[in-house]
Amino acid sequence: MKTYILANWKANKNTPEAISWLEAVSNTKMDLSASVEIIICVPFIHLHLLSQYPQVGQPGVQDISPYASGAYTGAISAQMVQNEAKYVLLGHSERHRYFHETVAEVAMKVSQALEYKITPIVAVTPDKWHRQLNSIPASELKQCLILYEPPEAISQQTGPVGVGEAAPLSEVVAAIAEIKASAPDSPVLYGGSVKSHNINEFLSSQVIDGVVPGSASLNAEEWLKIIAISQKIRG
Ligand code: PGA
């Protein structure tokens, strides 16, 4: 089984800031083993930049349109990013909270992504995960990764790595075990205030197939620490 370490940049970094992160990370020698898959989910505008720094990890985005290409002003379809993106983070609770995205729309996005061979990472929350996963056909769900993330565990983006309280490990392990009982073919990741100081806790449990640092991934130095620790534990 692989371990997935996914950076979720959210709505951060202009072009010079993205380049400086990519330079810092790509200039640091990392001994990466094939058992740890590093995924960088950037804003769409940085997707082309990622292709110039393939050594930093697999390229991903944080959303796609629920519709195919066509007359949908402002939207970015899976067909448009199929050559650059290998992964797409879908259904993040922030998409629901601020953009009113529905469970049905997330299911449409999953279908679009899979049609263009982009692997969806479907985010679910403690209160709704049954409904969120049931809305995706089983044949599609088994091609997805799942991200379990309680919204209250998400960091405030203050200071160099963000400030927040991760969910207790025992709670995460119990929830992920339950999710796996109903989606046995999908790796399940945990997200919510994962930093270099607590990542070892989550990766020491074999039930957890990876983690999704958000604010901690914005800081190149912190991100490199996170990669080094994950290599040590799961590499
Ligand atoms: P955080 O974000 O690490 O800043 O809490 C994680 C996420 O929301 O994906």
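Keep in mind that this is a model prediction, so the values were computed, not measured. Whatever order the structure lists them in is the order used to number ligands and atoms, beginning at 1.
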A.B. asks: Any donor-acceptor pair under 3.5 Å linking the side chain of E17 with the backbone of N14?
C.D. replies: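 Indeed, once roles are kept as given, a pair shorter than 3.5 Å links the two residues.
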A.B. asks: Counting from 1, what ligand 1 atoms have a heavy atom of V212 closer than 4.0 Å?
C.D. replies: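 Near V212, meaning under 4.0 Å from one of its heavy atoms, ligand 1 has 6 (C), 9 (O).
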A.B. asks: With no hydrogens and no angle check, just 3.5 Å: does a side-chain donor-acceptor pair link S155 and K195?
C.D. replies: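 The criterion, which ignores hydrogens and geometry beyond distance, is satisfied for K195 and S155.
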A.B. asks: With heavy atoms under 4.0 Å as the rule, classify the contact between S155 and ligand 1 as side chain, backbone, both or neither.
C.D. replies: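 For S155, the contact with ligand 1 is made by both the backbone and the side chain.
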A.B. asks: Are S215 and Q157 close enough that a side-chain donor and a side-chain acceptor fall under 3.5 Å?
C.D. replies: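 Judged by distance alone, the side chains do not pair up.
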A.B. asks: Do any nitrogen or oxygen atoms of K195 lie less than 3.5 angstrom from nitrogen or oxygen atoms of ligand 1?
C.D. replies: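 Checking ligand 1 against K195, no N or O pair falls under 3.5 Å apart.
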A.B. asks: Heavy-atom contact under 4.0 Å between G192 and ligand 1?
C.D. replies: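 Within the 4.0 Å threshold, so yes.
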A.B. asks: Less than 4.0 angstrom from a charged side-chain N to a carboxylate O is my criterion; do E101 and K109 meet it?
C.D. replies: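 Looking at E101 and K109, the cut-off is met.
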A.B. asks: Looking at atom 3 (O) of ligand 1, what's its closest protein heavy atom, distance included?
C.D. replies: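 Of the protein heavy atoms, G214 N, 2.8 Å lies nearest.
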A.B. asks: Is it true that the side chains of Q58 and Y4 contain a donor and an acceptor less than 3.5 Å apart?
C.D. replies: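 No, Y4 and Q58 have no side-chain donor paired with an acceptor closer than 3.5 Å.
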A.B. asks: Which part of I154 is near ligand 1, with near meaning a heavy atom under 4.0 Å away: side chain, backbone, both or neither?
C.D. replies: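 Looking at I154 and ligand 1, atoms from backbone and side chain both fall under 4.0 Å.
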A.B. asks: With a cut-off of 4.0 Å, which atoms of ligand 1 are near a heavy atom of N8?
C.D. replies: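 The atoms of ligand 1 under 4.0 Å from a heavy atom of N8 are 7 (C), 9 (O).
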A.B. asks: Using a heavy-atom cut-off of under 4.0 Å, does the side chain or the backbone of Q157 touch ligand 1, or both, or neither?
C.D. replies: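 Looking at Q157 and ligand 1, no heavy atom falls under 4.0 Å.
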A.B. asks: Under a 3.5 Å threshold, yes or no: a donor from one side chain and an acceptor from the other, between E165 and S193?
C.D. replies: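 E165 vs S193: no donor-acceptor pair found between side chains.
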A.B. asks: Could you label the plane-to-plane angle of the Y72 and Y67 rings as parallel, tilted or perpendicular, counting under 30° as parallel and over 60° as perpendicular?
C.D. replies: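 Answer is parallel, since the angle falls under 30°.
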A.B. asks: Is the closest N or O pair between P213 and ligand 1 shorter than 3.5 Å?
C.D. replies: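 P213 vs ligand 1: no N/O contact under 3.5 Å.
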A.B. asks: Check whether any side-chain N or O of E149 sits under 3.5 Å from a backbone N or O of T125 as a donor-acceptor pair, and report yes or no.
C.D. replies: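 Such a contact is absent between E149 side chain and T125 backbone.
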A.B. asks: For atom 7 (C) of ligand 1, what is the closest protein heavy atom, and at what distance to 0.1 Å?
C.D. replies: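 So the nearest neighbour among protein heavy atoms is E149 OE2, 2.9 Å.
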A.B. asks: Measure the distances from the heavy atoms of G191 to every atom of ligand 1 and state whether one is below 4.0 angstrom.
C.D. replies: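 No heavy atom of G191 comes that close to ligand 1.
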A.B. asks: Report yes or no: does a heavy atom of G162 sit under 4.0 Å from some atom of ligand 1?
C.D. replies: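 Flag not set, G162 not near ligand 1.
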A.B. asks: Test your reading of the model: is there a side-chain donor-acceptor pair from S26 to the backbone of Y53, 3.5 Å cut-off?
C.D. replies: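 Pair absent, no side-chain N/O of S26 close to backbone of Y53.
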A.B. asks: What is the nearest protein non-hydrogen atom to atom 4 (O) of ligand 1, stated with its residue, atom name and distance?
C.D. replies: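 The protein heavy atom lying closest is S215 OG, 2.5 Å.
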A.B. asks: Name the closest protein heavy atom to atom 2 (O) of ligand 1, giving the residue it belongs to and the distance to 0.1 Å.
C.D. replies: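 Scanning the protein heavy atoms, the shortest distance from atom 2 (O) of ligand 1 goes to K10 NZ, 3.2 Å.
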